[in-house]
Novice: 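Okay, here's the structure, questions in a sec.
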2 protein chains.
Amino acid sequence: MNISTKGRYAIRALVELAKVKDNQVLSVKDISDIQGISTTYLEHLLVKLKKANIVGSQRGAKGGFFLEKKPKDITLCDVILAVEGPVFLSKCLNSNNTTIDCKFINDCEFQGFWSKLSKSIENLFSKITLKEILGEINE
Amino acid sequence: MNISTKGRYAIRALVELAKVKDNQVLSVKDISDIQGISTTYLEHLLVKLKKANIVGSQRGAKGGFFLEKKPKDITLCDVILAVEGPVFLSKCLNSNNTTIDCKFINDCEFQGFWSKLSKSIENLFSKITLKEILGEINE
DNA sequence: TTAATTATGACTGTTTTACTCATATTTATA
DNA sequence: TATAAATATGAGTAAAACAGTCATAATTAA
């Protein structure tokens, strides 16, 4: 159970975007240079963050990315969901997962338990905003 | 970020072991039949749970496994650690991971943040005991 | 003695991770 | 208006993790 590079890089990128002035943009190249991340890999992550309405973009020369919301309104939960998928998932929970082969698929005594745990973690992640992350890294 | 079959099967096995009377054992075969889990796969998980002093075993005919502690003293944190490794790990945290290739390996502004988050999750998982899980699945 | 059981380790197919590469599309500006 | 700089999209890939299987050794109750 861990946060992959997707989540970590996304947070790094968002921190950089939070640092620039309003109405300014940062290119993927800028961010990847500052944070030492592969440019093309980060590009894909930023596209996902855009689809989740966390960042916006300006195409073309002098273009780049910017935060679509205020740091206080961007939660860790949103970010992880955008780049990694469901924040916490016991795979027996998602009914549309066709590959699962569980004896109790339709009547699982543990579903309630995993579901509650999942909500607890989502709740924890929802309370952590980009604003707070910015505060912590500047301590 | 999810609980793999290792963690889920381990919980299932521990629930079965909690159901039997004191001084009785359950064989891997018994557990795997009841829970619909691969016998040999579960075997490996039980060995890990044994190394973590969560279960004990009796070898030979009529042998099997039993809980080494009371359900109230077995936490989800212990179980996941035993079968999956660290409960929550942002990979940039573990200094002995030689494959990591991060620009900020020795001076990372995010280390404190990931570390705190990791402790929050460990704390959450430490409060959930097998006793509580037994209570939830019987509701 | 033997059948039943745990213990250990090597092996395997599938999925996910962590990328790269190629190419299309958009747009500020010279 | 041409062009360089940027995002957008999708295919491909090597390595690791996941989810097991298989073979065999060691132990022990009956």
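Lettering follows sequence order; numbering is per chain, from 1.
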Novice: Report yes if a side-chain nitrogen or oxygen of B/Lys6 is closer than 4.0 Å to either non-bridging phosphate oxygen (OP1 or OP2) of D/dC18; otherwise report no.
Specialist: yes
Novice: Taking ring pair (Phe, Tyr, Trp, His ring centres under 6.0 Å) as the test, write out the residues that go with A/Phe66, two or more places apart.
Specialist: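 Result, ring pair (Phe, Tyr, Trp, His ring centres under 6.0 Å) vs A/Phe66: none returned.
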Novice: Hey, which sits more toward the 5' end of DNA chain C by its nearest nucleotide, A/Gln58 or A/Tyr41?
Specialist: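 This one resolves to A/Tyr41.
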Novice: Give a yes/no answer on whether the side chain of B/Ser27 brings an N or O atom under 4.0 Å of OP1 or OP2 in C/dT5.
Specialist: no
Novice: Could you label the plane-to-plane angle of the B/Trp114 and B/Phe88 rings as parallel, tilted or perpendicular, counting under 30° as parallel and over 60° as perpendicular?
Specialist: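 Geometry flag for B/Phe88 against B/Trp114: tilted rings.
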Novice: I want to check one thing: is the phosphate of C/dT5, taken as OP1 and OP2, less than 4.0 Å away from some side-chain N or O of B/Ser57?
Specialist: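 No, because none of the side-chain N or O atoms of B/Ser57 sits under 4.0 Å from OP1 or OP2 of C/dT5.
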Novice: Under 4.0 Å from OP1 or OP2 of D/dA19: is there any side-chain N or O of B/Thr5 that close?
Specialist: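 Yes, such a contact exists.
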Novice: At less than 4.0 Å, is any side-chain N or O atom of A/Ser4 found next to OP1 or OP2 of C/dA18? Yes or no.
Specialist: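 Indeed, a polar side-chain atom of A/Ser4 lies that close.
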Novice: Is there a side-chain polar atom (N or O) of A/Tyr9 under 4.0 Å from OP1 or OP2 of C/dC19?
Specialist: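 For C/dC19, OP1 or OP2 has a side-chain N or O of A/Tyr9 closer than 4.0 Å.
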Novice: At less than 4.0 Å, is any side-chain N or O atom of B/Lys50 found next to OP1 or OP2 of C/dA7? Yes or no.
Specialist: yes
Novice: Could you check whether B/Gly63 gets within reach of a base, just the sugar-phosphate, or nothing at all, counting any heavy atom under 4.0 Å?
Specialist: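 Sugar-phosphate only.
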Novice: So what does B/Lys29 hit on the nucleic acid, given a heavy-atom distance under 4.0 Å: a base, only sugar-phosphate, or nothing?
Specialist: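 The residue B/Lys29 makes no contact with any strand.
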Novice: Can you tabulate the close N/O pairs, meaning under 3.5 Å, that link protein atoms to atoms of nucleotides 21-25 of chain C?
Specialist:
{"unit_1": "C/dT25", "atom_1": "O2", "unit_2": "A/Arg59", "atom_2": "NH2", "d": "2.8"}

Novice: So with a 6.0 Å cut-off around NZ of A/Lys19, is the heavy-atom count from everything else above 12?
Specialist: yes
Novice: Testing the 3.5 Å rule here: is there a donor-acceptor pair between the side chains of B/Asp30 and B/Ser27?
Specialist: yes
Novice: Begin with the C-alpha distance, continue with both residues' side-chain angles, and end with the deciding distance and a verdict on side chain to side chain contact (heavy atoms under 4.5 Å, CB included) for A/Phe110 and B/Arg12.
Specialist: CA-CA 8 Å; A/Phe110 291 93; B/Arg12 284 176 179 274; 3.6 Å; yes
Novice: If you draw a 6.0 Å radius around NZ in A/Lys69, do more than 12 non-hydrogen atoms from other residues or ligands fall strictly inside?
Specialist: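 Yes, NZ of A/Lys69 has more than 12 neighbouring heavy atoms, counting only those of other groups under 6.0 Å.
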Novice: Within residues 74-83 of chain B, find the residues that approach DNA chain D with a heavy atom at under 4.0 Å, and present them sorted by residue number.
Specialist: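 Correct list: empty, so none.
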